Amino acid sequence: QLHVVETGGGLVQPGGSMRLSCAASGSTPHPYAIGWFRQAPGRERVGISCISNEDSRTDYLDSVKGRFTISRDNADNTVYLQMNSLIPEDTGVYYCAAVEFNGRCPPKYYEFDYWGQGTQVTVSS
């Protein structure tokens, strides 16, 4: 079973940058992908980005394309979400999650298996 922990959240000004980390521990016999989700105040959680167990496969929510970059460091089992040009609408609790879908990012409505506790990101002046 996997355990994932998010770190790196906090307060940042509009136009600023922030990098979130998702550290995975434990193990699973199946390859897994890692996704980032955001839950804004009073709104449902939405998928932001996903990366497969091979670095060449990534997905992004349209509203973050060109601003956010997901990456993986296989040496320490960590996935990063680099967020640039932040806007207030990016505010929310960010979660990382793992999914056993043959190591690939799943279809839109597929449920992820292992979730972190979330880290708060606030974009405000």
Side-chain angles (χ1 to χ4, degrees):
Q1 190 171 82
L2 291 175
H3 178 64
V4 295
V5 178
E6 310 94 335
T7 57
L11 176 65
V12 62
Q13 294 185 355
S17 297
M18 180 175 286
R19 188 179 74 165
L20 305 181
S21 299
C22 175
S25 61
S27 64
T28 173
H30 308 291
Y32 60 91
I34 293 289
W36 284 98
F37 297 79
R38 179 178 67 211
Q39 188 165 24
R43 302 175 68 177
E44 293 186 351
R45 185 176 60 213
V46 299
I48 298 299
S49 187
C50 182
I51 187 168
S52 70
N53 64 344
E54 64 269 6
D55 291 343
S56 61
R57 292 281 186 144
T58 58
D59 293 329
Y60 295 95
L61 185 69
D62 285 346
S63 63
V64 308
K65 287 181 179 178
R67 299 189 298 120
F68 291 11
T69 302
I70 190 170
S71 61
R72 178 190 298 272
D73 183 349
N74 289 323
D76 60 1
N77 296 315
T78 301
V79 170
Y80 301 97
L81 185 67
Q82 178 67 46
M83 304 184 293
N84 299 326
S85 301
L86 285 161
I87 58 177
E89 289 76 14
D90 295 321
T91 293
V93 178
Y94 283 70
Y95 300 87
C96 71
V99 59
E100 296 176 342
F101 192 74
N102 297 316
R104 304 186 68 181
C105 295
K108 180 178 181 179
Y109 299 105
Y110 195 95
E111 294 188 0
F112 279 56
D113 300 304
Y114 309 101
W115 291 83
Q117 293 297 111
T119 185
Q120 176 71 42
V121 174
T122 302
V123 185
S124 177
S125 59

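All values derive from a computational prediction rather than experimental measurement.
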Can you see which heavy atom on [X] is nearest to which on [Y], and at what distance?
X	Y	value
Cys105	Ala33	N-CB, 3.9 Å
Pro14	Ser125	CD-N, 3.7 Å
Leu2	Ala98	CD1-CB, 3.8 Å

Q: Report the C-alpha separation of Arg72 and Thr78 in whole Å, then their side-chain angles, then the decisive distance to 0.1 Å, and conclude whether the side-chain contact (heavy atoms from CB on, under 4.5 Å) test is met.
A: CA-CA 6 Å; Arg72 178 190 298 272; Thr78 301; over 6 Å; no

**Q.** For Trp36, the option from Leu61, Ile51, Leu20 that meets side-chain contact (heavy atoms from CB on, under 4.5 Å)
**A.**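 For Trp36, the side-chain contact (heavy atoms from CB on, under 4.5 Å) test succeeds with only one of Leu61, Ile51, Leu20, which is Leu20.
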
Q | Passing candidate, side-chain contact (heavy atoms from CB on, under 4.5 Å) with Val12, options Asp90, Thr91, Leu86 | A |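 Single side-chain contact (heavy atoms from CB on, under 4.5 Å) partner of Val12 among Asp90, Thr91, Leu86: Leu86.
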
**Q.** Where at least one partner belongs to residues 69-98, residue pairs that pass disulfide (SG to SG under 2.5 Å), sequence neighbours excluded
**A.**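 Non-adjacent pairs meeting disulfide (SG to SG under 2.5 Å): Cys22-Cys96.
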
Please tell me whether [X] and [Y] have a donor and an acceptor in their side chains that are separated by less than 3.5 angstrom.
X	Y	result
Tyr94	Arg38	yes
Thr28	Glu100	yes
Asn84	Ser17	yes
Gln120	Thr122	yes

How long is the straight-line distance from [atom2] of [Y] back to [atom1] of [X], given to the nearest 0.5 Å?
X	Y	atom1	atom2	answer
Thr7	Gln117	OG1	CD	13.5 Å
Ile34	Ser71	CD1	OG	12.0 Å
Cys50	Ile70	SG	CD1	6.0 Å

Q) Phe68 and Tyr60: aromatic ring centres closer than 6.0 Å? A)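 No - the distance between ring centres of Phe68 and Tyr60 does not fall below the 6.0 Å cut-off.
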
Are [X] and [Y] connected, step by step, through hydrophobic side chains (Ile, Leu, Val, Met, Phe, Trp, Tyr) whose heavy atoms are closer than 4.5 Å?
X	Y	result
Leu11	Ile87	no
Tyr95	Val99	yes
Phe101	Ile48	no
Tyr80	Val4	no

Q. Does the ring pair (Phe, Tyr, Trp, His ring centres under 6.0 Å) test come out yes or no for Phe37 and Phe112, once each step is laid out?
A. CA-CA 11 Å; Phe37 297 79; Phe112 279 56; 4.9 Å; yes

Is any side-chain heavy atom of [Y] closer than 4.5 Å to one of [X]?
X	Y	answer
Tyr114	Gln1	yes
Arg67	Met83	no
His30	Asn102	no

Q: Could you give me the CA-CA distance, side-chain angles and deciding distance for Glu44 and Gln39, then say whether side-chain contact (heavy atoms from CB on, under 4.5 Å) is met?
A: CA-CA 6 Å; Glu44 293 186 351; Gln39 188 165 24; 5.7 Å; no

Q.
Using a 3.5 Å distance criterion without hydrogens, assess whether the side chain of Ser49 forms a donor-acceptor pair with backbone atoms of Asp59.
A.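 Flag set: sc Ser49 to bb Asp59 pair under 3.5 Å.
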
Q | side-chain contact (heavy atoms from CB on, under 4.5 Å) between Asn53 and Tyr32, intermediate numbers included | A | CA-CA 6 Å; Asn53 64 344; Tyr32 60 91; over 6 Å; no

Q | Results of side-chain hydrogen bond (donor to acceptor under 3.5 Å, both in side chains) for Ser63 - residues two or more places apart only | A | none

